[in-house]
Amino acid sequence: MASADLRRVADGGGAGGTFQPYLDSLRQELQQTDPTLLSVVVAVLAVLLTLVFWKLIRSRRSSQRAVLLVGLCDSGKTLLFVRLLTGLYRDTQTSITDSSAVYRVNNNRGNSLTLIDLPGHESLRLQFLERFKSSARAIVFVVDSAAFQREVKDVAEFLYQVLIDSMGLKNTPSFLIACNKQDIAMAKSAKLIQQQLEKELNTLRVTRSAAPSTLDSSSTAPAQLGKKGKEFEFSQLALKVEFLECSAKGGRGDAGSADIQDLEKWLAKIA
Amino acid sequence: MLDFFTIFSKGGLVLWCFQGVSDSCTGPVNALIRSVLLQERGGNNSFTHEALTLKYKLDNQFELVFVVGFQKILTLTYVDKLIDDVHRLFRDKYRTEIQQQSALSLLNGTFDFQNDFLRLLREAEESSKIRAPTTMKKFEDSEKAKKPVRSMIETRGEKPKEKAKNSKKKGAKKEGSDGPLATSKAVPAEKSGLPVGPENGVELSKEELIRRKREEFIQKHGRGMEKSNKSTKSDAPKEKGKKAPRVWELGGCANKEVLDYSTPTTNGSPEAALSEDINLIRGTGPGGQLQDLDCSSSDDEGAAQNSTKPSATKGTLGGMFGMLKGLVGSKSLSREDMESVLDKMRDHLIAKNVAADIAVQLCESVANKLEGKVMGTFSTVTSTVKQALQESLVQILQPQRRVDMLRDIMDAQRRQRPYVVTFCGVNGVGKSTNLAKISFWLLENGFSVLIAACDTFRAGAVEQLRTHTRRLSALHPPEKHGGRTMVQLFEKGYGKDAAGIAMEAIAFARNQGFDVVLVDTAGRMQDNAPLMTALAKLITVNTPDLVLFVGEALVGNEAVDQLVKFNRALADHSMAQTPRLIDGIVLTKFDTIDDKVGAAISMTYITSKPIVFVGTGQTYCDLRSLNAKAVVAALMKA
């Protein structure tokens with residue numbers, strides 16, 4: 001049985017030819033039924049198998065349990081992060097690094113996700129997105145609905161980048177655009193934000209494809225967002241993009257609770 | 001006195017905040033983060049925002065930031081100490097909460113720090129009040145004695161600031177006690193070049209003393225003659241010093257100091273005894289007008305040497321162990337650990353053509369960011385520093401402002417007005433060439449371009465643009481675009497006012513329905529004030545949508561000067577509330593520099609404006625956009 005095991009390993013290695021002499025000598029050794037060698041081989045195999053399994057399990061867990069909170073500066077990512085975890089209000093500053101914590105989803109299965117709050121500043125966000133995107137199970141793109149009109153171009157540009165990046169991933173994450181700050185009177189509705197973003201992404205598609213190529217010409221042509229020759233719509237994308245309205249601050253000021261039930265439900269759904 | 005004191009995690013959570021006044025501290029702190037911490041300008045730890053001065057301290061081990069804000073007009077001496085005290089206490093008190101990696105413990109922890117903080121603040125204020133009169137005295141007293149102390153400090157430039165401060169204080173104290181005596185004696189000695197009678201006698205008696213001591217010494221240790229020789233050597237400078245002016249004597253003493261401290265390390269105990277003897281002589285010698293003066297300085301030197309000596313011995317003893325520990329154990333980085341690596345990095349950056357000042361500032365900022373950070377297992381100091389530097393460089397090259405020219409041109413098109421781009425820069429960097437390349441790129445994207453020849457100074461400038469226009473219109477003839485002239489030159493010959501021509505060109509473009517106006521200006525050196533004024537006028541009058549600074553990638557230290565002066569000229573001559581500065585950079589001649597790409601870093605660091613285009617050759621399609629990662633990779637390549 002051990003020899004059969006060995007052969008399988010050798011075949012799996014795909015370099016049976018080169019190892020033939022060693023294998024022969026091994027077989028001879030085995031035929032002599034030397035117990036020490038056999039036990040050593042079995043032990044090594046066991047260790048290797050455990051390592052492989054461990055690695056697999058670990059990579060799967062880490063690659064699927066993270067929920068990234070991305071968005072521009074001052075869109076309310078950190079407060080949303082705090083609200084999701086504790087339900088309390090906290091003062092926040094511009095983030096310099098990411099912060100992560102385990103989030104227990106409130107569904108009956110009670111499984112947990114890792115919430116990661118990424119900094120939104122221009123000089124940091126792409127770097128951090130690069131670092132965490134491979135482990136993303138879901139991406140929550142937070143938009144400041146009140147200041148949307150003013151920042152629509154910046155929002156669209158970053159969204160474009162995030163969408164392109166997340167479509168390039170092996171397992172495409174779920175995508176949510178959370179229209180935050182709905183407590184402010186002048187906030188735009190999710191519907192309108194979706195329309196504006198589609199329009200903006202449409203023009204961005206044109207300008208991006210016309211931009212001069214980057215310095216290292218080796219990089220491949222940028223992926224195309226949506227269908228060619230058609231007005232861009234989120235429904236054309238391979239990954240499903242959902243929109244919802246929320247308010248991390250809540251209507252009743254600092255002491256009140258947040259209006260993020262929809263977001264919690266969505267997180268429970270994707271968990 | 002303090003407006004606010006806030007402690008927050010680098011993740012952005014405010015852990016605790018003290019509000020001295022009702023104003024919110026969020027705005028100024030965010031400004032601090034965005035314009036200092038995220039721009040790698042963390043060399044010094046204070047920042048001025050409107051009427052406030054903010055001082056901050058980073059705790060890299062626990063990823064915390066401490067910020068204190070107070071009115072700019074106040075000069076609070078205790079703030080640095082207060083931050084340190086608060087930092088220490090806070091860290092010790094909430095070690096368990098802030099130690100974990102997860103943000104959850106930060107969120108759940110309650111940071112009831114108010115009482116402790118108020119106590120610390122009170123203590124700090126008290127101490128500053130107590131110290132106040134003594135500092136005044138110190139200044140008065142040290143008026144005369146300041147010079148030698150100052151010069152001593154300057155010679156040792158690398159010494160940390162605090163040490164220098166200490167030494168100053170120490171020196172001042174010493175001089176406070178016996179300063180007047182010493183100075184009163186020193187003054188006549190200084191005035192009379194020759195040694196006066198009584199002084200001479202004093203020196204003689206001193207010599208006698210030395211001789212006696214030496215005899216004693218030889219009797220005591222009847223060993224080698226060379227030691228006695230040494231002792232004669234050691235008092236040789238003193239004998240000389242008798243004749244020489246006072247300043248020289250001071251130098252001689254310093255020399256002796258070195259002898260004093262080097263002998264015990266090189267030789268055995270007898271030498272130590274000898275140095276002791278010399279010290280004894282100095283102590284008993286009544287002609288101490290010179291020694292008194294540098295008494296404090298010698299003390300300081302001793303202290304400095306003492307402080308360096310143990311570390312050196314530790315280094316030799318625990319070098320091996322330390323290396324292993326550094327490799328395996330997790331330890332926090334200290335500035336000394338990083339010193340050598342940072343020096344190497346700085347030299348490397350400079351070798352890659354990053355301007356020297358900027359390399360220094362960058363390394364300083366990286367050191368600030370890393371100090372106290374706990375290194376992971378199996379990571380060396382070098383790798384950690386390199387990693388951090390790389391991240392910082394990528395951060396710098398990341399545009400702070402959205403640059404999507406085509407998008408903005410589309411917007412302008414919709415509003416039926418031309419999009420105006422002005423090119424400026426020093427002579428011969430390739431303004432006209434790159435203008436032609438950019439017009440080709442715009443033409444390819446279906447926008448019509450009007451080129452305004454505002455270089456009315458250099459011979460052939462207009463002809464150069466005319467040639468480009470002819471070639472471009474040959475590439476994009478009107479027939480291909482429905483009879484519409486795609487590219488046209490607007491020129492008024494030489495010697496005219498550039499601002500006027502630009503204005504006419506813009507009006508012409510509006511009437512003729514051109515999408516883009518590219519304004520070519522004359523090259524000018526940044527020190528040429530009249531020309532800089534003219535440029536500022538052109539930009540103020542015409543308010544272009546985009547001001548591009550054209551700079552060559554070959555430039556080294558000059559990049560700083562050029563950009564700073566161009567920006568300053570634009571700011572100085574602007575009447576607007578927020579002056580119109582450079583919006584973006586065109587980096588030219590990028591194909592000539594191989595991997596010495598430092599100019600890209602220098603330019604973006606100074607202006608924090610993006611590099612919009614990179615010129616990489618002679619043909620129309622040699623226009624690229626910058627890839628931050630590729631540049632950083634080239635920069636870090638050994």
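Order of the sequence lines fixes the chain letters, A, B, ..., with proteins taken first and strands second; residue numbering starts at 1 for each chain.
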Residue part contacting chain A, namely of [X], when any heavy atom lies under 4.5 Å:
{"X": "N445(B)", "value": "side chain"}
{"X": "E444(B)", "value": "neither"}
{"X": "I33(B)", "value": "side chain"}

Would you say [X]'s side chain and [Y]'s backbone share a donor-acceptor pair under 3.5 angstrom?
{"X": "N30(B)", "Y": "T94(A)", "result": "yes"}
{"X": "N627(B)", "Y": "K629(B)", "result": "yes"}
{"X": "Y94(B)", "Y": "D112(B)", "result": "yes"}
{"X": "S95(A)", "Y": "T97(A)", "result": "no"}

Which of [options] touches chain A most, by non-hydrogen pairs under 4.5 Å:
{"options": "L397(B), V29(B), L626(B), T616(B)", "answer": "V29(B)"}
{"options": "L13(B), L32(B), T6(B)", "answer": "L13(B)"}
{"options": "V631(B), L623(B), D404(B), V614(B)", "answer": "D404(B)"}
{"options": "E391(B), E63(B), M410(B)", "answer": "E391(B)"}

Under 4.5 Å heavy-atom distance to chain B, tell me which part of [X] shows up: side chain, backbone, both or neither.
{"X": "K153(A)", "answer": "both"}
{"X": "E151(A)", "answer": "neither"}
{"X": "D117(A)", "answer": "side chain"}

Q. Would you say the side chain of F447(B) lies within less than 4.5 Å of the side chain of Q413(B), judging by non-hydrogen atoms?
A. yes
(Q) Are more than 12 heavy atoms, taken from residues, nucleotides or ligands other than E231(A), located less than 6.0 Å from that residue's CD atom? (A) no
Handout entry: Crowding at NZ, K373(B) (>12 non-hydrogen neighbours, <6.0 Å)
Key = no
Based on non-hydrogen pairs under 4.5 Å, which of [options] is most in contact with chain B?
{"options": "T86(A), T203(A), L115(A)", "value": "T203(A)"}
{"options": "E200(A), E122(A), H121(A)", "value": "H121(A)"}
{"options": "V206(A), D98(A), V82(A)", "value": "V82(A)"}

- Once the angle between the rings of F158(A) and F141(A) is folded into 0 to 90°, is it parallel (under 30°), tilted (30 to 60°) or perpendicular (over 60°)? tilted
Chi angles and distances behind the side-chain contact (heavy atoms from CB on, under 4.5 Å) call for R208(A), Q161(A): CA-CA 11 Å; R208(A) 274 304 172 92; Q161(A) 193 65 46; 3.7 Å; yes
